[in-house]
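Input: a single structure, listed below in structure tokens.
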Amino acid sequence: MTRKGILATYEKFLPLTEKTPRLSLCEGDTPLLSLRHLGTELGIDLLAKYDGLNPTGSFKDRGMVLAVAKALEEGARAIVCASTGNTSASAAAYGAAAGIPCFVLLPAGQVAAGKLAQALLYGARVLAVRGNFDRALELARLAAGEREMALVNSLNPYRLFGQRSGAWEICDELCSPPDWLILPVGNAGNISAYCAGFEFYREIGRIDKLPRLFGVQADGAAPLVRGFEIDTPETLATAIRIGRPVSADKARRAVEVTKGQFLSVTDDEILDAQRALASGEGVFAEPASCAPLAALRKLKAQGKLPEGIRVVMVLTGNGLKDPDAVIHRIPLPEEIDGTWEALSAALEL
Ligand code: F0G
């Protein structure tokens, strides 16, 4: 099957009219990889929804394509968002594809280099706000209200609508939902979208049960695990460095109706998981995306991971977006003289 993009593939399930431009960068239809080595280690059937292979390298494209198409349909003059990085890259790309100006507000000094480069190169007007993501989002909401720009954060219902496609693709491919779906949680939109996607498929009879949804946060930015908002969230997984998730209520409901749970892991556990995923399976995901694997390993160590269940882990963002998170923590390449003798000595297995 050729890739057609979310709007064409799920036309019937999305709120499209004949006036909605059929925007596409061929987002979606990402691989569902079987992670055999890690699965064996954990005693489960482990699959990864590799959403880092979307056009801008993250799951955000699934919802952004619809949000920007709708902004065009509704005659918006510009789009605006706040972002820890990936939303801004996606908004900037779809803004460029749609020919609509894009403003992005980033927490100054807290965005991975790849994501910043993307937003700048796709031609967005990038503003680095002195403050954290939560403050940047308050300002973006203000801008949308004051200047009649379309806000394309996940507060925009079309974003979450498009992101339901992740759940649909998984069910379409497996012909049934997994036992568990585990994903990182920041602003809490994606877990809410997955829940809505699975619930919709159950409503129309495509599946007969919901998977249990597990949302994973970083210890230093875990408002949903702790049960209160965090004023100064801290984690090296900058994508999920969020203290006041706007979709907190929806996310709590998602976990409740599916009998799931919120979990948190340390930055060190995230980095260990990132390395295990890369060196054990050949898959490079950004730190935030590795929080779920870290949580599964922790549950296993605590004897809380049921044997033999099928678990889908959503790899939300590509590892190439944030090399700085790892480059100072791994051994640098060994330098050798440009001679056969030196090479020969180094080729010991
Ligand atoms: N994983 C990655 C790679 C992300 O970029 C984000 C969120 C999440 C997980 C969490 O998803 O917010 O729906 O709970 N990134 C947003 C951004 C906040 O601005 O790019 P969520």
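Worth saying up front: this structure is predicted, and the values here are computed from it rather than measured. Whatever order the structure lists them in is the order used to number ligands and atoms, beginning at 1.
Close contacts between ligand 1 and Ser83 involve ligand atoms 17 (C), 19 (O), 20 (O) [criterion: under 4.0 Å to a heavy atom]. The ligand atoms of ligand 1 that sit less than 4.0 angstrom from a heavy atom of Ile240 are 8 (C), 9 (C), 10 (C). The distance from ligand 1 to the heavy atoms of Val185 drops below 4.0 Å at these ligand atoms: 14 (O). Those atoms of ligand 1 with a heavy atom of Gly189 less than 4.0 angstrom away are 13 (O), 14 (O), 21 (P). Of all atoms in ligand 1, listed by their number and element, those nearer than 4.0 Å to a heavy atom of Ala188 are 12 (O), 14 (O), 21 (P).
Annotation: atom 12 (O) of ligand 1 to nearest protein heavy atom, Asn187 N, 2.7 Å. Gly186 N, 3.4 Å is the protein heavy atom nearest to atom 10 (C) of ligand 1. Among all non-hydrogen protein atoms, the one lying nearest atom 4 (C) of ligand 1 is Ala239 CB, 3.6 Å. At the top of the distance list for atom 13 (O) of ligand 1, counting protein heavy atoms only, stands Asn190 N, 2.8 Å. In terms of protein heavy-atom proximity, atom 2 (C) of ligand 1 is nearest to Thr316 OG1, 3.3 Å. In terms of protein heavy atoms, atom 7 (C) of ligand 1 is closest to Lys60 NZ, 3.0 Å. At the top of the distance list for atom 5 (O) of ligand 1, counting protein heavy atoms only, stands Asn86 ND2, 2.8 Å.
When the heavy atoms of Val104, Thr84, Leu137 are ranked by distance to atom 18 (C) of ligand 1, first place goes to Thr84.
Ring orientation note: the planes of Trp168 and Tyr201 are close to parallel, at an angle under 30° on the 30°/60° scale.
At a 3.5 angstrom cut-off on N or O pairs, Thr87 counts as close to ligand 1. Not a single N or O atom of Phe59, backbone or side chain, sits closer than 3.5 Å to an N or O atom of ligand 1. Taking distance alone, with nitrogen or oxygen atoms compared against 3.5 Å, Gln163 stays at or beyond that limit from ligand 1. Close N/O approach between Ala82 and ligand 1 is not found [any backbone or side-chain N/O within under 3.5 Å].
In this structure, Asn153 does not count as a contact residue of ligand 1, since none of its heavy atoms falls inside 4.0 Å of the ligand. Assignment of Ser58 to the shell around ligand 1 is not supported, since no heavy atom sits closer than 4.0 Å. Distances shorter than 4.0 angstrom occur between a heavy atom of Pro184 and an atom of ligand 1.
A salt bridge links Asp249 to Arg252: at least one charged side-chain nitrogen sits closer than 4.0 Å to a carboxylate oxygen. A salt bridge is defined here as a Lys NZ or Arg NE, NH1 or NH2 lying under 4.0 Å from an Asp or Glu carboxylate O, and Asp172 with Arg206 meets this definition. Contact check on Arg141 versus Glu138 returns no salt bridge, with no Lys/Arg side-chain nitrogen under 4.0 Å from an Asp/Glu carboxylate oxygen.
A 6.0 Å sphere centred on CD of Glu74 holds more than 12 heavy atoms belonging to other residues, nucleotides or ligands. Applying the 6.0 Å contact sphere to NZ of Lys250 captures no more than 12 heavy atoms from other residues, nucleotides or ligands. Counting heavy-atom neighbours within 6.0 Å of Arg147 CZ, excluding the residue itself, gives a total of 12 or less. Remark: Arg125 CZ is loosely packed, at most 12 non-hydrogen atoms of other residues, nucleotides or ligands lying under 6.0 Å away. For Lys209, the NZ atom counts as densely surrounded, since its 6.0 Å shell holds more than 12 non-hydrogen atoms of other residues, nucleotides or ligands.
Under 3.5 Å, the side chains of Thr316 and Ser58 contain no donor-acceptor pair of N or O atoms. For the residue pair Thr20/Thr17, the side-chain donor-acceptor check at 3.5 Å is satisfied. Using a 3.5 Å distance cut-off with no hydrogens or angles, the side chains of Arg241 and Thr84 do not pair a donor with an acceptor.
The cationic group of Arg202 does not satisfy the cation-pi geometry with Phe198, failing either the under 6.0 Å distance to the six-membered ring centre or the 45° limit from the ring axis.
Contacts of Ile242 with ligand 1, taken as heavy-atom pairs under 4.0 Å, involve the side chain alone.
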